[in-house]
> 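Quick one: the structure is below, and I'll ask about it shortly.
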Amino acid sequence: MESIIADIVKIIKSENNVIAREKALMCYFFDLIRELMTAALEEVDAGLVEETKKQGYQIEKKNKRSVVTAFGEISYWRRRYVCPGKKAQYPLDKLMGYDKYKRYSVLAVKDILQVSAVATYRNTALAVNTLSCFNISHSQVGKLIVQAGKQIKAQQQSEERYDGIAQKKKVPVLYLEDDGVVIKGTKKRLEFHRYQVCEDIINLSKTRRKRVQAKEFVSLSRLDALQEIKAYLANAYDLSDTLIISNADGGAGYAKKDFDEIVGYCKQHEHFLDVFHLNKKIKDRLGFMPAMPSKLKGAVRASLRKTHEAHLGIHHGAIESLTAGHSYLNDFSRKLSQINI
């Protein structure tokens, strides 16, 4: 620790330019992280020897590998194991989730895809190269997006994916949501279609929320994603006594009838438009009144609340008991306050 502090102090004192100093510090920290990570990985690899040999494998040799992670490119040595009648394997790569022949780690790919959802391939590469400690070209960004789509589709088409489910789960409430994420490419527009399902949403703080038993289904084809979530619900849940609460933007393919197709038979299904698109629709309908009086705004909110409560039967406790402990009804007032007409 003392030597590290000494190095940092040396860098600070050696640079007069504030930008150059911060860049030098950033490079030092990233180099240090990579060095520590390399040592840690090789130590973990050594710790896997005994366990792997118990499975009948023997060490064949050591091979070096390089992987681009969220904190830069790391190179490390790991053991290759062989066993008669079985495929050779690298236990360390399997533990870390470093796929065979893949240059980028899962988190690195995830970060790149998140940026590409709101930027072109070239701007994504620029953002990654500027803010991270590794470089990528715009053509590599495009290849990663295509590879991610193929991998998701392969996982969804696996016939064994539901073999481990012995008994269908019964839950009082299930929340469904879907949307599309547009990725602007160099030649054509790509759109990922995403369906999400969870059993509850927990408020961790004022700004952080966590989904309970969450599952996502993503595909470049909306129909493929729709078929996958249908298969998941049919195999994982018994919905005969379940209230389904779904939410979407109301666009083509994201209406209540589409969710009805996904859900199939259930106790009750209620579908809602998300707050952003609800705001947009109200503003579009009342566009002829740009200076809407505050009393009229309040009347719109009151009408929405009254319609919502009457529709769900909250006054009779029909839904309130089902959603006890769940966040949906508790958050409705907060959602109404977000209608900024």
Side-chain angles (χ1 to χ4, degrees), residues 1 4 26-117 124-125 127-129 131-137 140-158 160-161 163-164 192 194 210-211 213-219:
M1 179 63 74
I4 294 175
M26 183 176 69
C27 291
Y28 174 80
F29 289 135
F30 282 135
D31 288 341
L32 178 62
I33 291 172
R34 287 193 289 266
E35 183 180 340
L36 293 173
M37 190 63 183
T38 297
L41 286 175
E42 293 180 359
E43 184 173 331
V44 171
D45 186 59
L48 294 171
V49 172
E50 185 177 349
E51 180 184 347
T52 308
K53 284 185 175 181
K54 288 180 180 178
Q55 300 172 15
Y57 285 88
Q58 295 296 323
I59 300 172
E60 181 190 34
K61 58 183 176 180
K62 273 190 173 184
N63 286 330
K64 191 175 184 180
R65 181 178 184 180
S66 295
V67 177
V68 177
T69 69
F71 43 82
E73 184 174 352
I74 56 173
S75 298
Y76 61 96
W77 291 87
R78 80 275 199 241
R79 293 166 176 81
R80 185 177 191 266
Y81 292 82
V82 293
C83 180
K86 297 181 180 180
K87 288 185 177 181
Q89 62 169 298
Y90 292 95
L92 180 62
D93 289 355
K94 184 178 180 181
L95 175 68
M96 297 301 298
Y98 298 156
D99 292 339
K100 190 177 181 180
Y101 306 126
K102 297 292 178 63
R103 175 171 169 75
Y104 296 89
S105 71
V106 175
L107 180 58
V109 173
K110 179 177 179 291
D111 291 343
I112 292 169
L113 293 181
Q114 282 185 322
V115 178
S116 68
T124 297
V128 171
N129 296 341
L131 300 175
S132 71
C133 50
F134 64 89
N135 291 327
I136 187 171
S137 67
Q140 287 175 314
V141 171
K143 289 178 182 178
L144 283 178
I145 292 171
V146 174
Q147 288 173 2
K150 290 180 179 178
Q151 185 173 0
I152 290 169
K153 186 172 183 178
Q155 290 172 347
Q156 292 175 346
Q157 292 176 342
S158 172
E160 297 82 16
R161 61 194 185 280
D163 288 350
F192 279 95
R194 178 179 61 181
K210 179 182 178 182
R211 294 178 296 156
Q213 295 296 322
K215 192 84 172 175
E216 291 188 358
F217 304 92
V218 185
S219 177

> Where the side chain of Arg65 meets the backbone of Asp93, is there a donor-acceptor pair that is under 3.5 Å apart?
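Looks like no, no N/O pair under 3.5 Å.
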> Run the side chain to side chain contact (heavy atoms under 4.5 Å, CB included) test against Lys53 and tell me which residues pass, sequence neighbours left out.
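If we apply the side chain to side chain contact (heavy atoms under 4.5 Å, CB included) test to Lys53, skipping adjacent residues, the hits are Val49, Gln58, Ile59.
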> Within the 4.5 Å heavy-atom criterion, are Asn63 and Lys61 side-chain neighbours or not?
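Yes - at least one pair of side-chain heavy atoms lies under 4.5 Å apart.
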> Do Glu216 and Arg211 touch side chain to side chain, with heavy atoms closer than 4.5 Å?
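Of all side-chain heavy-atom pairs linking Arg211 with Glu216, at least one is under 4.5 Å.
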> Fit a plane to each ring of Tyr57 and Tyr81, take the angle between them on a 0 to 90° scale, and name the class: parallel (under 30°), tilted (30 to 60°) or perpendicular (over 60°).
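Tyr57 vs Tyr81 ring planes: perpendicular.
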> To check you understand the geometry: which heavy-atom pair defines the closest contact between Ala125 and Ser137, and what is its length?
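Result for this residue pair: CB-C, 3.9 Å.
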> What is the distance from atom CG of Leu144 to atom OG1 of Thr124, rounded to the nearest 0.5 Å?
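With rounding to 0.5 Å, CG (Leu144) is 10.5 Å from OG1 (Thr124).
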> Evaluate side chain to side chain contact (heavy atoms under 4.5 Å, CB included) for Ile136 paired with Val68, printing each intermediate quantity in order.
CA-CA 10 Å; Ile136 187 171; Val68 177; over 6 Å; no
> What distance separates Arg103 CZ from Ser66 OG, expressed to the nearest 0.5 Å?
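Going from the CZ atom of Arg103 to the OG atom of Ser66 covers 7.0 Å.
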> Indicate the atoms forming the closest heavy-atom contact of Gly56 with Cys83, along with that distance.
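That closest heavy-atom pairing would be O-SG, 3.2 Å.
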> The criterion is salt bridge (charged side-chain N to carboxylate O under 4.0 Å, His left out); which residues satisfy it with Asp45, sequence neighbours excluded?
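Applying salt bridge (charged side-chain N to carboxylate O under 4.0 Å, His left out) to Asp45 gives Arg79.
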> Let me confirm one number: the CZ-CD1 distance from Phe29 to Ile4, rounded to the nearest 0.5 Å.
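Nearest 0.5 Å value for the CZ-CD1 distance: 9.0 Å.
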> Do Phe71 and Thr69 have side-chain heavy atoms sitting under 4.5 Å apart?
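Side-chain contact under 4.5 Å: yes.
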> Testing the basics here: between Glu73 and Arg34, what is the closest heavy-atom pair and its distance to 0.1 Å?
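Between these two residues, the closest heavy atoms are O-CD, 2.7 Å.
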> Can you measure from CD1 (Ile74) to CG (Leu36) and round to the nearest 0.5 angstrom?
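Going from CD1 on Ile74 over to CG on Leu36, the span is 11.5 Å.
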> To the nearest 0.5 Å, what is the distance between CZ on Arg78 and NZ on Lys64?
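Taking CZ in Arg78 and NZ in Lys64, the distance rounds to 11.5 Å.
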> Within a 6.0 Å radius of atom CD on Glu60, are there more than 12 heavy atoms belonging to other residues, nucleotides or ligands?
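Result for CD/Glu60: enclosed.
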> With side chains defined as the heavy atoms from C-beta onward, is the minimum distance between Val67 and Tyr76 less than 4.5 Å?
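Yes, their side chains come closer than 4.5 Å.
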